[in-house]
Student: 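Sharing a structure below in structure tokens format, with a few things to ask.
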Amino acid sequence: MSTEQTYIMVKPDGVQRGLVGEIISRFEKRGYKLVGLKMCAPGQEHLENHYADLKEKSFFPGLIKYMNSGPVVGMVWEGLDAVKTGRSILGATNPLQSAPGTIRGDFALAVGRNVCHGSDTVENAQKEINLWFGKEGVTKWA
Ligand SMILES: Nc1ncnc2c1ncn2[C@@H]1O[C@H](COP(=O)(O)OP(=O)(O)OP(=O)(O)O)[C@@H](O)[C@H]1O
């Protein structure tokens, strides 16, 4: 088990429903360290880059439209096993299969409105952190 960084994002529905604080709080209370945080409206091209591996999926146009429907809050969390444990804090992609006690299991029902995103591998986490925080970088705690 090693210290990792993961990219977690509150999607537009999560922002609009006022879940930003709740989501931050769950990662903080679990013990993860916040090293990057920003709200932005990244636009279609950036969102298509983020989800490039899904571009052949039938739901891709709807996914981009949803992700472009309002601002998102992107975060970088650091700590032990952050990628895998981060995804377990979020819950299964389809909220109907997310366990109670996870973010999606407590706050969502539809896969197309599933409140949050989390990197799925350490390698993708680094790519996503670079995509979303590349210019300003993340913060080093002293
Ligand atoms: N069948 C579907 N219908 C509509 N939207 C979907 C469907 N499957 C996935 N999505 C959307 O696409 C996103 C990315 O799907 P992916 O299969 O990469 O799951 P994930 O890695 O758990 O999700 P995310 O990358 O958002 O954390 C999902 O979070 C969801 O918002």
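Atoms within a ligand are numbered from 1 in the order they appear, just like the ligands themselves.
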Student: Using a distance-only test with no angle check, is there a side-chain donor-acceptor pair under 3.5 angstrom linking Asp13 and Tyr66?
Tutor: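 Short answer, yes.
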
Student: Salt-bridge test for Lys127 and Asp53: reply yes if a basic N is under 4.0 Å from a carboxylate O, no otherwise.
Tutor: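 Here Lys127 does not pair with Asp53 in a salt bridge, since their nearest N and O are not under 4.0 Å apart.
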
Student: State whether the number of non-hydrogen atoms from other residues, nucleotides or ligands found under 6.0 Å of Lys33 atom NZ is greater than 12.
Tutor: yes

Student: How close does the nearest protein non-hydrogen atom get to atom 20 (P) of ligand 1, and which residue and atom is it?
Tutor: Thr93 OG1, 3.5 Å

Student: Number the atoms of ligand 1 from 1 as they appear, then name those within less than 4.0 Å of a heavy atom of Tyr51, with their elements.
Tutor: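 Those qualifying, in numeric order: 14 (C), 24 (P), 25 (O), 26 (O).
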
Student: With respect to atom 21 (O) of ligand 1, which of Glu128, His117, Arg87 exhibits the smallest heavy-atom separation?
Tutor: Arg87

Student: If we only count N/O pairs under 3.5 Å, is Phe59 in contact with ligand 1?
Tutor: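 No, Phe59 has no N/O under 3.5 Å of an N/O on ligand 1.
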
Student: Counting heavy atoms only, which of Val115, Val111, Thr121 comes nearest to atom 30 (C) of ligand 1?
Tutor: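 Selected option, by shortest heavy-atom distance: Val111.
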
Student: Classify the ring geometry of Tyr7 against His117: parallel below 30°, tilted from 30° to 60°, perpendicular beyond 60°.
Tutor: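 It falls in the tilted class, 30° to 60°.
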
Student: If you measure every N/O of Asn114 against every N/O of ligand 1, is any gap under 3.5 Å?
Tutor: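 Yes, there is a polar N/O contact under 3.5 Å.
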
Student: Around atom 31 (O) of ligand 1, find the nearest protein heavy atom and jot down its residue, atom name and distance.
Tutor: Lys11 NZ, 3.0 Å

Student: Is ligand 1 under 4.0 Å from a heavy atom in the side chain of Asp120, in the backbone, in both, or in neither?
Tutor: neither

Student: Nearest protein heavy atom to atom 11 (C) of ligand 1, by residue and atom, and its distance?
Tutor: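 For atom 11 (C) of ligand 1, the nearest protein heavy atom comes out as Leu63 CD1, 3.8 Å.
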
Student: Once you measure the plane-to-plane angle for Trp77 and Phe27, does it fall in the parallel (<30°), tilted (30-60°) or perpendicular (>60°) bin?
Tutor: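 Aromatic pair Trp77/Phe27 classed parallel.
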
Student: Nearest heavy-atom pair of Leu34 and Gly36: which atoms, and what distance?
Tutor: CD1-O, 3.3 Å

Student: Of the protein's non-hydrogen atoms, which lies at the shortest distance from atom 18 (O) of ligand 1, and what is that distance?
Tutor: Leu54 CD1, 3.7 Å

Student: Report, in ascending order of atom number, the atoms of ligand 1 lying under 4.0 Å from any heavy atom of Gly118.
Tutor: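 Answer for ligand 1: 27 (O).
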
Student: Where on Arg104 is there a heavy atom closer than 4.0 Å to ligand 1, on the side chain, on the backbone, on both, or on neither?
Tutor: side chain

Student: Among Val138, Thr6, Val35, which residue satisfies the side-chain contact (heavy atoms from CB on, under 4.5 Å) criterion with Ile129?
Tutor: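 The side-chain contact (heavy atoms from CB on, under 4.5 Å) with Ile129 is passed solely by Val138 among Val138, Thr6, Val35.
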
Student: More than 12 foreign heavy atoms under 6.0 Å from CD of Gln44: is that the case here?
Tutor: no

